[in-house]
Every structure is written in C-alpha cells, then in structure tokens.
Amino acid sequence: MRFSNLFGKTLKEIPSEADTLSHQLLLRAGMIQQVAAGVYSYLPLGWRVLRKIEQIIREEMDKAGGQELMLPTLQPFELWEESGRYPSFGKTLFTVTDRREHRLVLGPTHEEVITELVRRYVQSYRDLPLLLYQIQNKFRDEPRPRGGLLRVREFIMKDLYSFDVDEAGLDTSYQKMLQAYKNIYSRCGLSAVMVEADSGAIGGKESHEFMLIAETGEDEIICCSNCDYAANVEKAWSVKHELEKKTPLTVEEISTPNIKTIEEVADFVGVPTSHTLKAVFYSADDELVFVVIRGDMEVNETKLKNLLKCSELRLATEPEVKAAGLVAGSASPVGLKGIKIVADDSITLGSNFIAGANKPDTHLKNVNYSSDFNVDLIADIAVARLGDSCPKCNGKLLSSHGIEVGHVFKLGTFLSERLMAYFLDRNGASQPIIMGCYGIGLGRLLAAAVEQNHDDKGIIWPMTIAPYHIYLCPLRLENSDVAETAEKLYQDLTSANLEVLFDDRDESPGIKFNDADLLGIPLRLTISPRALENQSIEIKWRKESQVQLVPLKEITSITKELLESHSEAV
RNA sequence: CGGGGUGUAGCGCAGCCUGGUAGCGCACCUGAAUGGGGUUCAGGUGGUCGCCGGUUCAAAUCCGGCCACCCCGACCA
C-alpha cells in the first residue's frame, strides 16, 4: 500500500473527545472515526487490524470444532418475551418497528435465534454436540458508552453457542472454548487472565471472563498472591475473619446523640467497626429491602441482586426509606416488621453487636443474630476484601484493573426449556439441550491491544495483528537512487507476500518517522542516500531503539526471515 | 437517569464578562529554499460561531428553550 493513496490521516493533536489512551492513539493514527456516542467507523488501517483479529478467532473456533454460520441482526420481539430475558435486558435492547407495526429487536446477542434454529434440526442425541458461531455486529443501547472502542453501542462480536446432551458434554465444550480463547489472546500477542465471573443478564451458572490487565480497565479483579484464584470483584469472595464469640448478653439501649455513620457509632462506643451491624436499604424491583451486614464490610450489589433474583436493584432513596418508617442512621433489624430483611453471613461471625434502635439518636448494644432478630435470607453478599484470605489457599488477596475481552457462560437448560429445544436421549426420553455461550468483542480486543502495547510515540502492534508488517521509508525521494531502490524494494517485498506500507510521500524525515511510530508497524526499513552509498538499508523494530544495516542485496530475504521468525515466537 | 463539563474551519484553541457580524496554531493548496525525529519563508482555500426562539438599530457575545458530545456513578464483549 502506498501511503500517498491511503485513506486516512494522522493527527498531531489529540481530539478533545478522547481521554482514554487507546482512543487517542486510534484516532490520531486515523484508524477509527466516531459517528455517534458509542458508534464508530473503521478506516482502512483499523479495519485491517480488525480483520486480522477476526481471522485468528475464526481459525481457533474452527480448530475447536466450531461451524461458522450467520444469523440475522433483526429478531422478532416475541422471541425475547418467550425466552423471558426481555426484563433483564430491558432498555439495552434496541428496538425498531416495521411498517406493519411489528416490533423487532436489533440483536444484542443471539441465544434466542440460534436456539430456535437448533431446535428445528436437533431431534436426537445423535445430532449433538454442536458448536455454532458467527462474527457479526451486535447492538446494545448501553447507558453510557465510553473509552472509544472500549464500550460502544454497536460492536462486532464473535459469539459461539454450544449444545450438548449432558453436563459432561458441556464441560468438554467449555474446556475446548477456554483453550481456544487462551490461544486467541496469545496469538494476538496479548496476555489475558481468566477470572471467575457473574453471569449477569445472560443467565446461567458458571461463567468466566478473560481480562487484559490495564489501568484503564473498568473491571476490578481480585486475585490470590499465592495460588491461581482470580475472580471479578462482582463474584469474588474472601474468607471472613471470625470474631471471638462471647456469651450473648441482654440488649440495652444507649443514647447516641447525632451519631449516624458506622464509624461514628464505633468511635462513640469505643469498639472496632467489626463489632457493629450496618443497615443498607435497597429497592429491588421497587420493593424495599433491608440489608444487614457486619460494620467492617460492604454490600456486593451483584451478589445481592442474584440472591434476590430481581432485575433492577438500586439504593433506596431517602423518601422511600422514610415512607417505610425507617430511621436512617439508627435503623435496626431488631423488632422490624413488614420489611424484607436480608443479611450477609458475616453477622454470624461475632456477638454482642452494636446496632440501630429504630429510634432517633439511639442505638442498641449486645445485639445477637437469631436470639434478638431474624432475617428472611442470609448468604454471602459481601465485597471481597483486599488483604483478606483467599478462599482456596489462605493466601492474601490482591486487586487489579482489567478490560473484559471475552466472557464464557455455562447456560444449562433454562433457555432450551423456555424455547422448547429438546432432544430424545438413548432411552427415548425427551431432554432439554444443555447450552453454553462464548463471546469475544473484536473492537474491544483491538482497543485493549493498544492499551497494552504502546509507548509515548504511538502504537506498537503485535506482529500478528499489525495492519502492515513493514513500513518502507525512503528519505530524500528526489534522489533517484533512493526513489528507484524504494520502488524496486516495494515490488520485491510485496511479491514475497509481505505486507508493506510504502511511505512514498515527499515529506521530511521527522514526519515519516513520527508517523511510522504512531501507526505502530512492527518493522521499519529506511532507504537513504547515506546508507545506499554502502549498498545497505537500515532496519529497525518498532519496539526497539537500535538500527541495523543490512546489505541491499539480501534485504528481501533477511526481512522475510526476520518476520517469519518473529511471528513464530509470538 | 442523577452529578459535572464542552459545543467557534478537518484537528487543537482564543474571542463571549464589557454586543458593532470572527481570529491563532496544525492540517490543506501554490511557490521557493531545506532534507536523519513533526524544517523555514511568502502567498492562499476553508466557518449560516450546535439548533430554535427572544432582547436590541445591531448577537459568537445577553436571555430562554432544545440538541449533541465527553467525564464520574447504576450496565457489558
């Protein structure tokens, strides 16, 4: 490709809309262009990267036994009512109305459509297992798109769906995909970690995410310093420290004027916050829920939401709390009636707690679970704490930020049951198909690759996904030696099946070198009068600073060897 | 949806407070010089100042409404 013909232009200044690094670099390199909030065009260079990622994913899916197909973007709205997932997706569903006033959904994911397809063709256990996938645009009306390509409303996703006869089959499919995913990230030159995850709106039980560790990542990952335990903070748990159990004493009222927060209460009484019970109020599908947790812990809303099986969970507003007759700052589960009470199991790991009294400026001491109050539900709903013990090995837990670049789910049978996807087993009994689904966002992966591979000059593409392999950079094009050598080299390298971006522009060396660095092409060949006098050409890796001279005669073969050995190394 | 911010040429910005019909840098076009890390000089193209309405002799500027985009929170590949 001749740079002079290339559509797109590099920018010296950072567009003001971008403050995420990958977003800035991709815009400056002329690889993407914003069309609306969370909606982007890919320009030729960006699209080349995307297609390389796509091809790697396709190869790994095929290798794992996947069959590629293509499902429509438009989906009947009724399908979402049938599957029961409409409420959990809610406003993130983009819907359109056709001329007959029928509602259609722009597919945010395709479990419904593919399950309906599969149920027509699968009647017997002999038709299974199946791994079906597609690479296609998805639409989600995200509440807040952000970070350029990191979180958008229209995005290209690879989604694979597995269909098995039993749990063992699902395990096999799941393992195949985990391996395929690991292969994909490593072939893209990226280091991803697999973490336990919550399955959210997709549904199902077991789920893992693949995270690229990056400061800008939206997700918090909890991992063990000692073993391989790693989980999204939404899912993570830590071993809770149990307090010394004392003989339960009788509840007593104490006066606590103007004392409201847990810290104030603990200070006032002279105990650590772990000796108090904290009350938090939520609205779960518009029902007020009273949550109790030990004072030194925080409520994990994802866990709470799963426990309550509700589709919308938020902190209750002050008016709602008042309307329920609760006293903010002194609310108590003791003697509370008519409100659902949910507790974290930490309230059993201690005794004689300080709690509210449901009276202003008053608290209770010596409050004990089960003797002084009861709850409707009790489970682990706490945020895992750093420094606490790992649930697997007792090592210390650490945290880091990550970008979610893949998510896999064991769906089980809830969708196949609702959508009537059954098969006959060996014994002639009708069974629901066991499903799994496995997604990768390609644009996000591309952006994450930039987040992980750049310096202050620009992008440093891993060889396997670089838009071009070689940046052919002649200096002083008015010198006929340089011009002729460059033209010939461009022909030779291209004929050798190497991907070359030929900077044939009459620009200053500074502009060319800076653009080469910004675009992040792995290998740069510089042709200059100076080096030509010695019958040689300069060669430089983007990620290194040394320049090497290579004899002109051998340049094509040496370049080819270099690139090949480099690709294998990845 | 709640909180904060921004909209002036393709990009980055100034002008707005104190109304008088738009300016700088980059990019782009022409010419000349230059030539190893965004080179210099000269000349030039490009804007209904986000939109609608109001005030005024006169609005980028003042007032009202709307819209778009970005950032922080509830969601996800």
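Order of the sequence lines fixes the chain letters, A, B, ..., with proteins taken first and strands second; residue numbering starts at 1 for each chain. These numbers come from a predicted model, not from an experiment.
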Item to complete: Provide, to the nearest angstrom, the distance between the OH atom belonging to Tyr185(A) and the P atom belonging to rA77(B).
Response: 11 Å
Discussion item. Suppose you measure atom P in rA60(B) against the same atom in rC69(B); what distance do you get, rounded to whole Å?
Written reply: 26 Å
Worksheet item: Less than 5.5 Å between centroids and less than 30° between ring planes, does Phe155(A) satisfy that with rA77(B)?
Response: yes
Worksheet item: How many Å lie between CZ on Arg146(A) and P on rC71(B), as a whole number?
Response: 7 Å
Worksheet item: Would you call Lys278(A) and Glu298(A) a salt bridge, taking side-chain N to carboxylate O under 4.0 Å as the test?
Response: yes
Worksheet entry | Non-hydrogen atoms of Glu111(A) and Arg85(A) that approach each other most closely | OE1-NH2, 2.7 Å
Worksheet item: Could you give the CD-to-C1' distance, from Glu218(A) to rA74(B), as a whole number of Å?
Response: 12 Å
Worksheet entry | Mate of rG46(B) where both pairing distances stay under 3.5 Å, Watson-Crick or G-U | none
Review item, nucleotides 10-13 of chain B N/O atoms under 3.5 Å of protein N/O:
from: rG12(B); atom 1: OP1; to: Ser16(A); atom 2: N; distance (Å): 2.6
from: rG12(B); atom 1: OP1; to: Ser16(A); atom 2: OG; distance (Å): 3.0
from: rG12(B); atom 1: O2'; to: Glu13(A); atom 2: OE2; distance (Å): 3.4

Practice prompt. Determine the contact category for Arg153(A): base if any of its heavy atoms lies under 4.0 Å from a base atom, sugar-phosphate if only primed atoms, P, OP1 or OP2 are that close, otherwise nothing.
Written response: nothing
Discussion item. Would you call the rings of Tyr181(A) and Phe210(A) parallel, tilted or perpendicular, taking 30° and 60° as the class edges?
Written reply: tilted
Fill in: Length of the CD-C1' vector between Glu142(A) and rC72(B), whole Å
17 Å
Worksheet item: Is any side-chain nitrogen or oxygen of Arg144(A) closer than 4.0 Å to OP1 or OP2 of rC72(B)?
Response: yes
Worksheet item: With rounding to whole Å, what would you report as the distance between rG65(B) and rG25(B) at their C1' atoms?
Response: 35 Å
Worksheet entry | Between rU48(B) and rU8(B) - C1' atom distance, rounded Å | 12 Å
Discussion item. Rounding to an integer number of Å, can you tell me how far Leu27(A) CG sits from rA27(B) P?
Written reply: 19 Å
Worksheet item: Which value, in whole Å, describes the distance between the C1' atoms of nucleotides rC72(B) and rG50(B)?
Response: 24 Å
Practice prompt. Kindly say if Ser508(A) contacts the phosphate of rU39(B), meaning a side-chain N or O under 4.0 Å from OP1 or OP2.
Written response: yes
Worksheet item: Does any non-hydrogen side-chain atom of Ile222(A) lie less than 4.5 Å from one of Lys235(A)?
Response: no
Worksheet item: Tell me, which of residues 437-458 of chain A have any heavy atom that sits under 4.0 Å from an atom in RNA chain B?
Response: Gly439(A), Gly441(A), Arg444(A), Lys457(A)
Discussion item. I'd like the P distance from rC71(B) over to rU34(B), given in whole Å.
Written reply: 47 Å
Item to complete: Between rG35(B), rA74(B), rA27(B), spot the one nearest the side chain of Pro143(A), thanks.
Response: rA74(B)
Fill in: Carboxylate-amine/guanidinium proximity below 4.0 Å for Asp286(A) and Arg314(A)
yes
Worksheet, complete the sentence: Between CD of Glu209(A) and C1' of rC76(B) the distance, given in whole Å, is 9 Å
Discussion item. With a 4.0 Å cut-off on N to O distance, would you call Asp198(A) and Lys305(A) a salt bridge?
Written reply: no
Item to complete: Using both distances under 3.5 Å as the test, list the Watson-Crick or G-U wobble partner of rC16(B), or none.
Response: none
Worksheet, complete the sentence: Across every strand shown, the nucleotide meeting Watson-Crick or G-U wobble geometry with rG2(B) (both distances under 3.5 Å) is rC72(B)
Worksheet item: If you find the nucleotide of RNA chain B closest to Asn514(A) and the one closest to Lys9(A), which residue's nucleotide is nearer the 5' end?
Response: Lys9(A)
Worksheet item: What is the distance, rounded to the nearest whole Å, between atom OH of Tyr282(A) and atom C1' of rA74(B)?
Response: 11 Å
Worksheet item: So which nucleotide does rC26(B) pair with, by the Watson-Crick or G-U wobble rule with both distances under 3.5 Å?
Response: rG10(B)
Worksheet item: Can you say whether the rings of Tyr174(A) and Tyr438(A) are parallel (under 30°), tilted (30 to 60°) or perpendicular (over 60°)?
Response: tilted
Discussion item. Measuring only the C1' atom in each nucleotide, how far is rU61(B) from rG7(B)? A whole number of Å is fine.
Written reply: 15 Å
Item to complete: Just call it for Arg140(A): base, sugar-phosphate, or nothing, with non-hydrogen atoms closer than 4.0 Å on any strand.
Response: base
Worksheet item: Which nucleotide sits closest to the side chain of Arg524(A): rU39(B), rG37(B), rA77(B)?
Response: rG37(B)
Worksheet item: To the nearest 0.5 Å, what is the distance between OG1 (Thr559(A)) and CD1 (Ile539(A))?
Response: 4.5 Å
Worksheet item: How do Ile156(A) and Ala18(A) order along RNA chain B: which one's closest nucleotide is nearer the 5' end?
Response: Ala18(A)
Item to complete: Take Glu478(A) and Arg476(A) through the salt bridge (charged side-chain N to carboxylate O under 4.0 Å, His left out) test and state the conclusion after the steps.
Response: CA-CA 5 Å; Glu478(A) 80 286 355; Arg476(A) 313 280 303 266; 2.9 Å; yes
Worksheet entry | Nearest non-hydrogen partners of Leu93(A) and Pro108(A), listed with the distance | CD2-CG, 3.4 Å
Item to complete: Using a heavy-atom cut-off of under 4.0 Å over every strand shown, decide if Gly147(A) touches base, sugar-phosphate, or nothing.
Response: sugar-phosphate
Worksheet item: How far, in whole Å, is rC24(B) from rG44(B) if one measures between their P atoms?
Response: 11 Å
Worksheet item: Can you tell me how far P of rG37(B) sits from CZ of Arg476(A), to the nearest Å?
Response: 12 Å
Item to complete: Output yes when Glu60(A) and Lys63(A) qualify as a salt bridge under the 4.0 Å nitrogen-oxygen rule, no when they do not.
Response: yes
Worksheet item: Salt bridge or not for Arg103(A) and Glu81(A), using N-O below 4.0 Å?
Response: no
Worksheet entry | Side-chain H-bond candidate by donor/acceptor type, Gln75(A) with Trp80(A), under 3.5 Å | yes
Fill in: Base-pairing assignment for rA59(B) (Watson-Crick or G-U wobble, both under 3.5 Å)
none
Practice prompt. Identify whether any heavy atom of Asn137(A) sits under 4.0 Å from a base atom; if not, whether one sits that close to sugar-phosphate; answer base, sugar-phosphate or nothing.
Written response: nothing
Worksheet item: Does Arg48(A) count as lying over the ring of Tyr468(A), i.e. NZ or CZ under 6.0 Å from the six-ring centre, within 45 degrees of the axis?
Response: yes
Table of protein N/O atoms under 3.5 Å from nucleotides 40-47 of chain B N/O atoms:
none

Discussion item. What I want to check is whether an N or O donor and acceptor connect the side chain of Asp219(A) with the base of rC76(B) at under 3.5 Å.
Written reply: yes
Practice prompt. Provide the distance between the two P atoms, one in rC49(B) and one in rC70(B), to the nearest whole Å.
Written response: 24 Å
Worksheet item: What nucleotide, of rA77(B), rG38(B), rC69(B), holds the atom closest to the side chain of Met157(A)?
Response: rA77(B)
Discussion item. Could you tell me the Watson-Crick or G-U partner of rG31(B), where both distances fall under 3.5 Å? Say none if there is no partner.
Written reply: rC41(B)
Discussion item. So Pro529(A), base contact, sugar-phosphate only, or nothing? Heavy-atom distance under 4.0 Å.
Written reply: nothing
Discussion item. Within the 4.5 Å heavy-atom criterion, are Ser536(A) and Leu552(A) side-chain neighbours or not?
Written reply: no
